[in-house]
Every structure is written in structure tokens, then in C-alpha cells.
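Throughout, protein chains are lettered first and strands after them, A, B, ... in sequence-line order, and every chain is numbered starting at 1. Values in this document were obtained by computation on a predicted structure and should not be read as measured data.
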2 protein chains.
Amino acid sequence: MLMANDLPDARDGSATQRAYRVLRKMIVTGELKPGEKLKIDGLRGRLDTGASPIREALSLLTSDNLVERIDQRGFRTAEISAQNFDEILKLRCTLEDLALRESIAKADDAWEEQLVLAHHRMARAKDGNEATFEDLHKLFHMALLANASSPILLKFCSQLYDLNIRYRFLAGRALNYQRRDVSDEHGGILAAAVARDADAASSRLLDHYKMTGAFLAGLLERNELS
Amino acid sequence: MLMANDLPDARDGSATQRAYRVLRKMIVTGELKPGEKLKIDGLRGRLDTGASPIREALSLLTSDNLVERIDQRGFRTAEISAQNFDEILKLRCTLEDLALRESIAKADDAWEEQLVLAHHRMARAKDGNEATFEDLHKLFHMALLANASSPILLKFCSQLYDLNIRYRFLAGRALNYQRRDVSDEHGGILAAAVARDADAASSRLLDHYKMTGAFLAGLLERNELS
DNA sequence: TACGATCAAATTATCGATTTTTTTTGACCG
DNA sequence: CGGTCAAAAAAAATCGATAATTTGATCGTA
């Protein structure tokens, strides 16, 4: 069963959904800086909605650990720190290893096809639209894990992905993501997964994370983040 | 540093906080049944607040996986199933093992004292107030893990604890929790933790979970849940 | 100068009313 | 009968206004 690569449009869904998507992107991409106070009134202007949808969107973002809620004192974006990054990296390695192995253990044709497709879409988008590449990149990584019949685990992985990618955006130009041939790494992971080789897939995936992680951790230690 | 065992009072905090605590307890204890529709208006009467705090509380509960939000169609409590329970149990074993080992690895006097204290409070409450025992029980289990300097991991564990305990409440009288001497098991875990024996502590903790888990899983398979 | 109290401005939290969306009902037609 | 459609009812989402709370500035006092 082929599915549309449904990246939601900016006007889909309720006002809350829209606010949620926009705010999340703004936080993940660093448009809203770590620790920044999120004043409802200010955001109302930028997002062109009332206070209620914004409040609700911020509540939802709280659960993603992207926003912190301080009772009676409003909302602010989550702080960043070297420890926090380290924690995210470690947890990701543990949980994605778990999920990937289960996913491969239950491998079937449908999953494999979805995976190949996700990879193709990501590869194709690489040269083109910079913004959607990141979305497709996430879809590829989640497609790897998708066959693990463990919704809670997948949700955790998805959250950790977003928390991690935020650091990559914050590193911005400092992180020469293109220098390393990430494309090859993705290809290697895909190949191992399709070959049902859980050990190879897992070690390649984890190396993929640790490589970027080590670089980012270095930046963080030296406080070179914007 | 001794801390008060601060179980929040029913009138502490904002209306949202109150609604959040009350609703969570109602869901965890099964007063609100799995899959039940949560109509804002209906809850307004029961909780004696406006719609806004309730909406916001429900949004927060969504992130705890206790409430499901369906866009434009309101909220309902999370469904239960044998798979879901199985998933929770497995994830709990993995994550608490991780957290407990890190907690013990970094063991210090302050942590040890907090732990002993949490155990004592739980043990003392056992005969008395049934309602607060569960709260203290959770505090003890979280105290075991608390020394792992990994807030995200601890948050995951806390969430999974609540999801799990919900099943125990739903099993209600069917689960003869008192039959097994849980008190001994807690004592054993505490002793191993205080002795800094990570292997023993972890295996005792996981057995503690698996024991209850196996029984509950049996009930679920046979659909004997209320 | 440092400290604490007090008041005004800013901001958040909450409420009640309105708008939008979904669900239900019941009449009508094949 | 069974299914479709439209109107009515119910419920959710959103808005604008009000109440409660925090923050920041000012002033008097030791």
C-alpha cells in the first residue's frame, strides 16, 4: 500500500494544529532561541490567531520537551546545554537500537517498500528545497523504526529526534553537515536494513548519530553555539 | 537535605494544575473508563471550573499518553489492550534498568538518605490511608532512579509508571496485590540499592515488575478486566 | 548604600459568549 | 425497508473581555 508523503499544508487543520506546527518549527529551527520567553500576545501577532490556540499549542509542545511551562508565569522555550545534548544522544542510541532491531526482526515487504520510498524521497529532495529535506530526513529515520509495533517507543524516538535536530539547527553553518558524505551513510543503513542485517544496520545508524554528536558536543563545550 | 514529602493539596496551584491532578487521578484509578469520551461540559460540572483550564489539563494529559486528542472532535481517555500493557512493561524494564544502574553508579549519601526516607514513608502508610499509599509507592520507585542525571529518562519512567499503575487499578480487586509480600520485595530492592549492588537491585526490581505483569497480562488475555 | 515595602504596568489565567464543526435526527426517495 | 440528504442539536474551538498574578520601578528608612 503506497501512501502519500503527506507533509501537512500550512492551512490544514484547526488553528491549534497550525499554531503547533508553526511554533514547533520555529523552536526546532532556532527562530525562537533557547530559553526565550514566549509571550502570548507577541506570538498572537506573528501567527495571526487568538490566545487560546496559542496557549493550547504551547501546552502540547510542553509534552515534547520543547517548551517549558512555569505555572502562572507563562511559557519559555527549553534551555540547551551540553548535558542535555549528551542525554538526548545517549537515549537516542539506546531507544533507536531497540526499535530498529524490533523493526527488522518483524521485517516484511510492505515495510521494506515504505523504507525504500522514504529514502528515495529524501535523496531526491536533497538538491532542491532545503526546508522539506529535513522533514523527509525525519520520515526516513522514522520509517526505519516504523515496523517496531511499539507506539510509545516510536513516540519517544520521534521526540528525541526533534530535540536532537534542534541542536543541529542551532549549530547552523558551524556544522558542516555536507562535508561528511551523509548520503553514503544513509545508503549504508538502508542497505543493511533491507538485507535484514540488524547488527550492521544498528551499528551504522548509531555511528551516524555519534559522528554528528561528537562534533556538536565539541561545539557545545566550547560554547560556540549562536 | 531533608525534603517534605510534598503531596500537593487539592487547592494548590492554578485551576489548570488542579484540573490536571484531578483528571489524572480519575483516569489512573479508572474512575474514567478506558476509551471514554471526555466532554468538556460534563467535566466542568464535576470539577467546578471553566472550560479553558479543563482543555489545557487535557492537553497536558495527552502528552502523558493518558488522553487521546482527536482534532476537532475532542478528547477521550486512552484505550487499553494486552499489547499496550505488554509494551509498557517491556519499556519499563529497559528504561528503569538503565536509570537504576546509572543512579546506583552515581550513588552518594544524599541520594541514599532520600531513598531510605521514601521507603520508610511508604511502609508506614501501608496500613493507613489507601489513597496516599500509591503516591508514596511511586515516590519510592522514582527515588530509586532519581540519582540518574537524566531528566528526560526519568520523565519517561514516570510516565510509564502511571500508565502501568492504571492497569493495576483497572484490575482492581481481581489483582490480589497483597497476597504476594510486596513489602519484602521492596525491602530487597532497597537493600541492594543501598549496598550499591546494581545487578541485584536491577534484577529484583525487574522481577518485581514482571511478577505483577505476568498476572495482569493473564487477566487481560482472558478479558477479565472490568 | 542596601534593604524592604508599595504601587503601577505588564502578562498570564480564566471566564462567558460566539463561531465553527461534528453528530444526530428525521423526512424523503428509490 | 435501506439509504441519502438536509436541518436541528450537540459539542468543540475560538474569541474578546475580565480577574488574578507577577514583574519592575519608586520611595522611604535604617
Side-chain angles (χ1 to χ4, degrees), chain A residues 6 8-27 31-79, chain B residues 6 8-27 31-79:
Chain A
D6 46 358
D9 196 297
R11 53 204 140 285
D12 284 345
S14 59
T16 298
Q17 290 287 319
R18 284 198 303 276
Y20 174 75
R21 282 200 303 271
V22 173
L23 283 171
R24 177 149 89 161
K25 181 147 280 186
M26 292 208 297
I27 295 168
E31 190 179 333
L32 294 170
K33 299 211 175 58
E36 184 173 345
K37 180 112 218 299
L38 297 170
K39 296 184 201 171
I40 310 278
D41 242 16
L43 294 171
R44 246 198 26 186
R46 291 216 240 177
L47 300 190
D48 190 39
T49 13
S52 314
I54 291 187
R55 250 174 164 294
E56 206 152 325
L58 290 173
S59 280
L60 292 172
L61 286 164
T62 297
S63 45
D64 298 338
N65 289 300
L66 285 169
V67 166
E68 223 177 314
R69 171 208 196 83
I70 310 144
D71 199 36
Q72 231 106 21
R73 211 156 308 178
F75 301 86
R76 56 183 58 242
T77 61
E79 294 283 1
Chain B
D6 46 358
D9 195 298
R11 52 204 140 280
D12 284 347
S14 59
T16 298
Q17 291 287 320
R18 283 198 304 275
Y20 174 74
R21 281 199 304 270
V22 173
L23 282 171
R24 177 150 88 163
K25 182 146 281 186
M26 292 208 298
I27 296 168
E31 190 179 332
L32 293 170
K33 297 209 177 58
E36 183 173 346
K37 180 112 217 302
L38 298 169
K39 295 186 201 170
I40 310 278
D41 243 17
L43 294 170
R44 245 198 27 185
R46 291 216 238 176
L47 299 190
D48 189 40
T49 13
S52 312
I54 291 185
R55 274 181 87 56
E56 206 150 326
L58 289 173
S59 281
L60 292 171
L61 287 164
T62 298
S63 45
D64 298 338
N65 290 300
L66 284 170
V67 166
E68 222 178 314
R69 171 209 194 84
I70 310 145
D71 199 37
Q72 232 108 18
R73 214 155 305 177
F75 301 86
R76 56 183 57 242
T77 60
E79 293 284 2

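Straight-line distance from the NZ atom of B/Lys39 to the P atom of C/dT21: 21 Å, rounded to whole Å. Rounded to an integer number of Å, the gap from B/Asp71 CG to C/dT21 P is 11 Å. Summarising the geometry, the separation between CZ on B/Arg69 and C1' on D/dA12 is reported as 10 Å, rounded to the nearest angstrom. The CZ-C1' distance, from A/Arg18 to D/dT14, rounds to 11 Å in whole Å. The nearest whole Å value for the distance from the CZ atom in B/Phe75 to the C1' atom in D/dA12 is 9 Å. Across the protein-nucleic acid pair, A/Leu43 atom CG and C/dA10 atom C1' stand 16 Å apart, rounded to whole Å. Summarising the geometry, the separation between CD on B/Glu56 and P on C/dC15 is reported as 12 Å, rounded to the nearest angstrom.
Counting non-hydrogen atoms under 4.0 angstrom, A/Leu38 reaches the backbone sugars and phosphates but no base.
Relative to the side chain of A/Ser14, the nucleotides C/dT14, D/dA13, D/dA12 differ in distance, and D/dA13 lies closest. The side chain of A/Ile40 lies closest to C/dT12, out of D/dA13, C/dT12, C/dT23. In this structure, of D/dT22, C/dT11, D/dT14, it is D/dT22 that holds the atom nearest to the side chain of A/Gln72.
Although no hydrogens or angles enter the test, the distance criterion places no donor-acceptor pair under 3.5 Å between the side chain of B/Ser14 and the main chain of A/Gln72. Between the side chain of B/Thr77 and the backbone N or O of B/Glu36, at least one donor-acceptor pair lies under 3.5 Å.
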Restricting both atoms to N or O, compile the protein contacts to nucleotides 15-19 of chain D shorter than 3.5 Å, with distance only.
from, atom 1, to, atom 2, distance (Å)
D/dC15, OP2, A/Gly50, N, 2.7
D/dC15, N4, A/Ser52, OG, 3.4

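Using a 4.5 Å cut-off on side-chain heavy atoms (C-beta onward), A/Leu66 and A/Arg24 make contact. Looking at heavy atoms from C-beta onward, A/Arg46 lies in side-chain contact with A/Leu32 at the 4.5 angstrom threshold.
In this structure, CZ in B/Arg55 is found 6.5 Å from OG1 in A/Thr16, a value given to the nearest 0.5 Å.
The phosphate of C/dT14 has OP1 or OP2 within less than 4.0 Å of a side-chain N or O from B/Thr16. Within the structure, a side-chain polar atom (N or O) of B/Lys37 is placed less than 4.0 Å from OP1 or OP2 of D/dA12. Using a 4.0 Å cut-off, no side-chain N or O of B/Arg55 falls inside it from OP1 or OP2 of D/dA12. Listed pair B/Arg73 / C/dT23 meets the phosphate criterion, a side-chain N or O lying under 4.0 Å from OP1 or OP2.
Electrostatic pairing of B/Glu68 and B/Arg73 does not count as a salt bridge here, judged by no charged N lying under 4.0 Å from a carboxylate O. Contact check on B/Arg69 versus A/Glu56 returns a salt bridge, with a Lys/Arg side-chain nitrogen under 4.0 Å from an Asp/Glu carboxylate oxygen.
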